[in-house]
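Only heavy atoms go into these numbers, but all of them, side chains included; no hydrogens, no water, no symmetry mates. A note on names: the letters A, B, ... follow the listed sequences, proteins ahead of strands, and every chain is numbered from 1.
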Amino acid sequence: MSESSPGAQPTQSVERPPLSTLRHSLAHLMASAVQKLHPGVRFGFGPSIEHGFYYDFDLPEPLTDKDLAAITKEMRGIANRSGAIECEELTREEAQKRLSDQGQTYKEEAVGLIPEGEKITFYSHGEGEDRWGDLCEGPHLTDFRESFHFKLLNVAGAYWRGDERNPMMQRIYGTGFWTKEELKEHMAWLEEVKKRDHRRLGASMDLFSTHADAGAGFVFWHPNLGTVRRCIEDVWWELHARDGYEPVYTPHVSRESLFAVSGHLENYSEMMYAPMELDDLPYRVKPMNCPGHILIYKNRGRSYRELPLRWGELGTVYRYERSGVVHGMLRVRGFTQDDAHIFCTPDQLADEIAGVCRLVDEIMSLFGFECTAYLATRPAEKTIGDQASWDQATAALQSAADSIGLKLESDEGGGAFYGPKIDYKIKDALGREWQNSTIQVDFNLPERFDLTYTAADGTQQRPIMVHRAILGSLERFVGVLIEHYGGKFPLWCAPTQVALIPIREEHADYCRELDARLKAELFRSDCKDDPAHMNKKIKQAQRDQVPFMLIAGEREQADGTVAIRRRGTREQEVVPFDDFLALVRRLRGERAAGLE
RNA sequence: GCUGCUGUAGCUCAGUGGUAGAGCACUUCCUUGGUAAGGAAGAGGUCAUGGGUUCAAGUCCCAUCAGCAGCUCCA
């Protein structure tokens, strides 16, 4: 199994056009097949994408997965009967007329989207009944008789031009490669993605659940995953304490007026839960932790001598997410952010940002993630504050990144309503990207809450706030982590670290003795001393992805040894128990990723 | 929220208007086993929920809830 998607870096011979060209042409071929089977179809867009291609269709009848076989067959037929793909250039008027004659209303609209002065081209293929052409900028293959391999994958809805105010079309996704092997490899990758799905592993490893009785988007952490989470939280606090962060705790519910001052009511209310009335006053469940931390800051006068203040909270927030978007642990309605707010002077800002960037890097490497950073600037609407402070904040992020040699990609308009941010994307073991860490510079909330500190010259100055989360939310991060590791948590955070398995019941005492010694050192060991069969216990430990199985029978008992079976292998090594203890002490101490 | 699909035992799924099923998991008994499924028996279901059609509904229709593939949106 390849560690990254085979689609990302295809191997191909030099004479062949890029994979994206093949896939784009496959989208055309698919569209022509759909037209043969459903003559009234109107077409949307049909590009190549990262791992394949899609095409959007407007059809009166719904397509289902069952239609894919017929469409595939038709595609093969069209390609075999006549392979040539031709390109012709049309004037804007000719293109409009042709599409209008064909009743292709979406495509007519698409012509209007082509900038003045740009060439307008049609790509066509097929003979007679198969004849089909499409407004398209290309490029395409010149001939479908080239050897290629494709597979149609699934059907889904998609808005015309990606806008939810537009009609919903039907989208078919597919993928294609030059060789059978590459296609096979990609299908195996998709299979691996499925196997590692945190919802599936969550069930088989007894990690978490969600419940219709509790409502969508609320996660229940079972003891196994609770253990993983505690381990992560422990490192988190350890590293944050080292970096001068102090813990704070704030309530989940506050008076609504607090969120009026912060601007959440005005800019974030569609994400917030409805008010509840207490003593005739409206209260709200918090969607963010910042107003709470601000109240602590404001509780007394602050001196420049105290700054920077770095306050961390694993703060649970509740946000209304639309019903269709909730997804396992990755997109939920209640989650715990590893939040912190830094209150600092303008002089300190760049260093503070740089410090957070370094911490992001350190924590993400602990889990083996590679990160990419993006600079997210002011959104087009629903923001607070004047442009000058936005510019200042944006410049501060950029210069902090420069100071530590961090390259920032651009995310235009992706900022929070109160300030710009650096967002990180992490790449997991399967090559997929996730957004977790975020660093946000905020001049606006200090203004709104009238935060001050006394400067060295005795004047009252405005502090700057940095909002930051590194894991993002524990739910999303741990969900990603399950998939990243495929359930094979490193020893230091694995729910059960060692499974002890006696070969016969008479060896159970020996196992219990070893179990006691492991537990005395706070290892999470599971002594499987029930009367069940040894093979069954091995199978359970495999299913639970326990890093080490220690199997002990007569020989081990007599010698004070254990037969170690490491996760993922069937080989055994017999070593003195003390050696094993030394090994796990070291792995835990190093928070090692592997079991060596 | 939108489009399409799905909901039957803890899990995976069969059941095409007429007596609710299988495999795995679970429990008990037998088996004392050297590295991924020993044998036998048993228990387990208001067929998501509520309404409707029908002599008769797990099966057909409507609504609600939850889930799946996406879109849009996001930590």
Peer 1: Any idea which of B:rU32, B:rC2, B:rA36 is nearest the A:Glu506 side chain?
Peer 2: B:rU32
Peer 1: Does A:Arg161 pair with A:Glu109 as a salt bridge, N-O distance under 4.0 Å?
Peer 2: yes
Peer 1: Distance between the C1' atoms of B:rA37 and B:rU31, in whole angstroms?
Peer 2: 15 Å
Peer 1: For B:rU64, give the paired nucleotide (Watson-Crick: N1-N3 plus N6-O4 or O6-N4; G-U: N1-O2 and O6-N3; both under 3.5 Å), or none.
Peer 2: B:rA48
Peer 1: Who is the Watson-Crick or G-U wobble partner of B:rU53, with both distances under 3.5 Å?
Peer 2: none
Peer 1: Against A:Phe369, only a single residue in A:Lys425, A:Lys427, A:His484, A:Glu433 fulfils side-chain contact (heavy atoms from CB on, under 4.5 Å); can you say which?
Peer 2: A:His484
Peer 1: Quick one: A:Ile426 CD1 to B:rA75 P, roughly how many Å, whole number?
Peer 2: 14 Å
Peer 1: Check whether any side-chain N or O of A:Thr377 sits under 3.5 Å from a backbone N or O of A:Gly413 as a donor-acceptor pair, and report yes or no.
Peer 2: yes
Peer 1: Any N or O donor-acceptor pair linking the side chain of A:His533 to the base of B:rU31 at under 3.5 Å?
Peer 2: yes
Peer 1: Does a distance-only test, which skips hydrogens and angles, find a donor-acceptor pair under 3.5 Å between the side chain of A:Arg171 and the base of B:rU3?
Peer 2: no
Peer 1: Distance check, P atoms only: B:rC30 and B:rC13, in whole angstrom units.
Peer 2: 36 Å
Peer 1: Roughly, in whole Å, what's the span from CZ in A:Phe57 to C1' in B:rU3?
Peer 2: 15 Å
Peer 1: Find the distance A:Ile422:CD1 to B:rA75:P and express it as a whole number of Å.
Peer 2: 15 Å
Peer 1: Quick one: do A:Thr496 and A:Asp526 satisfy side-chain hydrogen bond (donor to acceptor under 3.5 Å, both in side chains)? Show the steps, please.
Peer 2: CA-CA 7 Å; A:Thr496 299; A:Asp526 176 17; 5.1 Å; no
Peer 1: Please state how far atom CZ in A:Arg476 lies from atom P in B:rC74, giving the value in whole angstrom units.
Peer 2: 11 Å
Peer 1: Testing A:Gln542, A:Arg567, A:Lys537, A:Arg566 for side-chain contact (heavy atoms from CB on, under 4.5 Å) with A:Met549, which one passes?
Peer 2: A:Gln542
Peer 1: If B:rG34 has a Watson-Crick or G-U wobble mate with both distances under 3.5 Å, name it; if not, just say none.
Peer 2: none
Peer 1: Would you kindly give the CD-to-C1' distance between A:Gln540 and B:rC11, to the nearest whole Å?
Peer 2: 15 Å
Peer 1: Please work out if A:Glu556 contacts a base, only the sugar-phosphate, or nothing of the nucleic acid, heavy-atom cut-off 4.0 Å.
Peer 2: base
Peer 1: Has the side chain of A:Gln572 got a donor or acceptor that lies under 3.5 Å from a partner of the other kind on the base of B:rU35?
Peer 2: yes
Peer 1: Taking the cut-offs as 6.0 angstrom to the six-membered ring centre and 45 degrees off its axis, would you call A:Arg476 and A:Trp434 a cation-pi pair?
Peer 2: no
Peer 1: Taking only the side-chain heavy atoms of A:Ile551 (C-beta and beyond), determine which of B:rU35, B:rU32, B:rA75 contains the nearest atom.
Peer 2: B:rU35
Peer 1: Work out how far the C1' atom of B:rU54 is from that of B:rG21, and round it to whole angstrom.
Peer 2: 25 Å
Peer 1: Any donor-acceptor pair under 3.5 Å between the side chain of A:Gln542 and the base of B:rA36?
Peer 2: yes
Peer 1: Check every strand shown and say whether A:Val317 touches a base, only sugar-phosphate, or nothing at a heavy-atom separation below 4.0 Å.
Peer 2: nothing
Peer 1: Tell me what A:Gln170 touches on the nucleic acid: a base, only sugar-phosphate, or nothing, going by heavy atoms under 4.0 Å.
Peer 2: nothing
Peer 1: Who is the Watson-Crick or G-U wobble partner of B:rU59, with both distances under 3.5 Å?
Peer 2: none
Peer 1: Reckon A:Gln435 touches a base, only the sugar-phosphate, or nothing at all at heavy-atom distances under 4.0 Å?
Peer 2: sugar-phosphate
Peer 1: Rounded to whole angstrom units, what separation is found between the CG atom of A:Asn535 and the P atom of B:rA25?
Peer 2: 13 Å
Peer 1: What about A:Glu321, does its side chain sit under 3.5 Å from the base of B:rA75 through a donor-acceptor pair?
Peer 2: yes
Peer 1: Across all strands shown, which nucleotide pairs with B:rG1 by Watson-Crick or G-U wobble geometry, both distances under 3.5 Å?
Peer 2: B:rC71
Peer 1: Taking only side-chain nitrogens and oxygens of A:Arg570, does any of them come within less than 4.0 Å of OP1 or OP2 of B:rA36?
Peer 2: yes
Peer 1: Mind checking A:Ala203 for me? I need base, sugar-phosphate or nothing, with any heavy atom below 4.0 Å counting as a touch.
Peer 2: nothing
Peer 1: Contact class for A:Arg504 (heavy atom, under 4.0 Å): base, sugar-phosphate, or nothing?
Peer 2: base
Peer 1: Closest nucleotide of RNA chain B for A:Phe335 versus for A:Glu164: which of these residues is on the 5' side?
Peer 2: A:Glu164
Peer 1: Look at the side chain of A:Arg319 and the base of B:rC73, then say whether one donor and one acceptor between them are separated by less than 3.5 Å.
Peer 2: no
Peer 1: By nearest heavy atom, map A:Thr438 and A:Pro62 onto RNA chain B; which one lands nearer the 5' end?
Peer 2: A:Pro62
Peer 1: Taking only N and O in the side chain of A:Tyr173, is any of them less than 4.0 Å away from OP1 or OP2 of B:rG4?
Peer 2: no
Peer 1: Which part of the nucleic acid, if any, lies within contact of A:His211, taking any heavy atom under 4.0 Å across all strands shown: a base, the sugar-phosphate backbone alone, or nothing?
Peer 2: nothing
Peer 1: Partner lookup for B:rC29, please. Criteria are Watson-Crick or G-U wobble with both distances under 3.5 angstrom; report none if nothing qualifies.
Peer 2: B:rG39
Peer 1: Looking only at atom C1', what distance separates B:rC29 and B:rG67, rounded to whole Å?
Peer 2: 40 Å
Peer 1: Could you tell me whether A:Gly324 contacts a base, only the sugar-phosphate backbone, or nothing, with contacts defined as non-hydrogen atoms closer than 4.0 Å?
Peer 2: base
Peer 1: Whom does B:rC11 pair with, Watson-Crick or G-U wobble, provided both distances fall under 3.5 Å?
Peer 2: B:rG23
Peer 1: With a 3.5 Å cut-off and heavy atoms only, can you find an N or O donor on one side and an acceptor on the other between the side chain of A:Lys536 and the base of B:rA37?
Peer 2: no
Peer 1: Counting only heavy atoms not in A:Glu381, do more than 12 sit closer than 6.0 Å to its CD atom?
Peer 2: no
Peer 1: Going by 5.5 Å between centroids and 30° between planes, is there a stack of A:Phe477 over B:rA75?
Peer 2: no
Peer 1: How far, in whole Å, is B:rA43 from B:rG51 if one measures between their P atoms?
Peer 2: 32 Å
Peer 1: Could you give the distance separating B:rG1 and B:rU64 at their P atoms, to the nearest angstrom?
Peer 2: 10 Å
Peer 1: Using the C1' atom in both, what is the distance from B:rA57 to B:rA40, to the nearest Å?
Peer 2: 38 Å
Peer 1: Would you say a side-chain N or O of A:Arg161 is under 4.0 Å from OP1 or OP2 of B:rU72?
Peer 2: no
Peer 1: Regarding A:Arg199, tell me which of base, sugar-phosphate or nothing describes its non-hydrogen contacts under 4.0 Å with the strands shown.
Peer 2: sugar-phosphate
Peer 1: If the threshold is 4.0 Å, N to carboxylate O, is there a salt bridge linking A:Glu362 and A:Arg358?
Peer 2: no
Peer 1: Taking the same atom, C1', in B:rG18 and in B:rC60, what whole-Å distance lies between them?
Peer 2: 15 Å
Peer 1: Give one of base, sugar-phosphate or nothing for A:Lys421, where a contact means two heavy atoms less than 4.0 Å apart.
Peer 2: sugar-phosphate
Peer 1: Other residues, nucleotides and ligands only: do more than 12 of their heavy atoms fall within 6.0 Å of CD on A:Glu61?
Peer 2: yes
Peer 1: Over all strands shown, is A:Ala469 touching base, sugar-phosphate only, or nothing at heavy-atom distances under 4.0 angstrom?
Peer 2: nothing
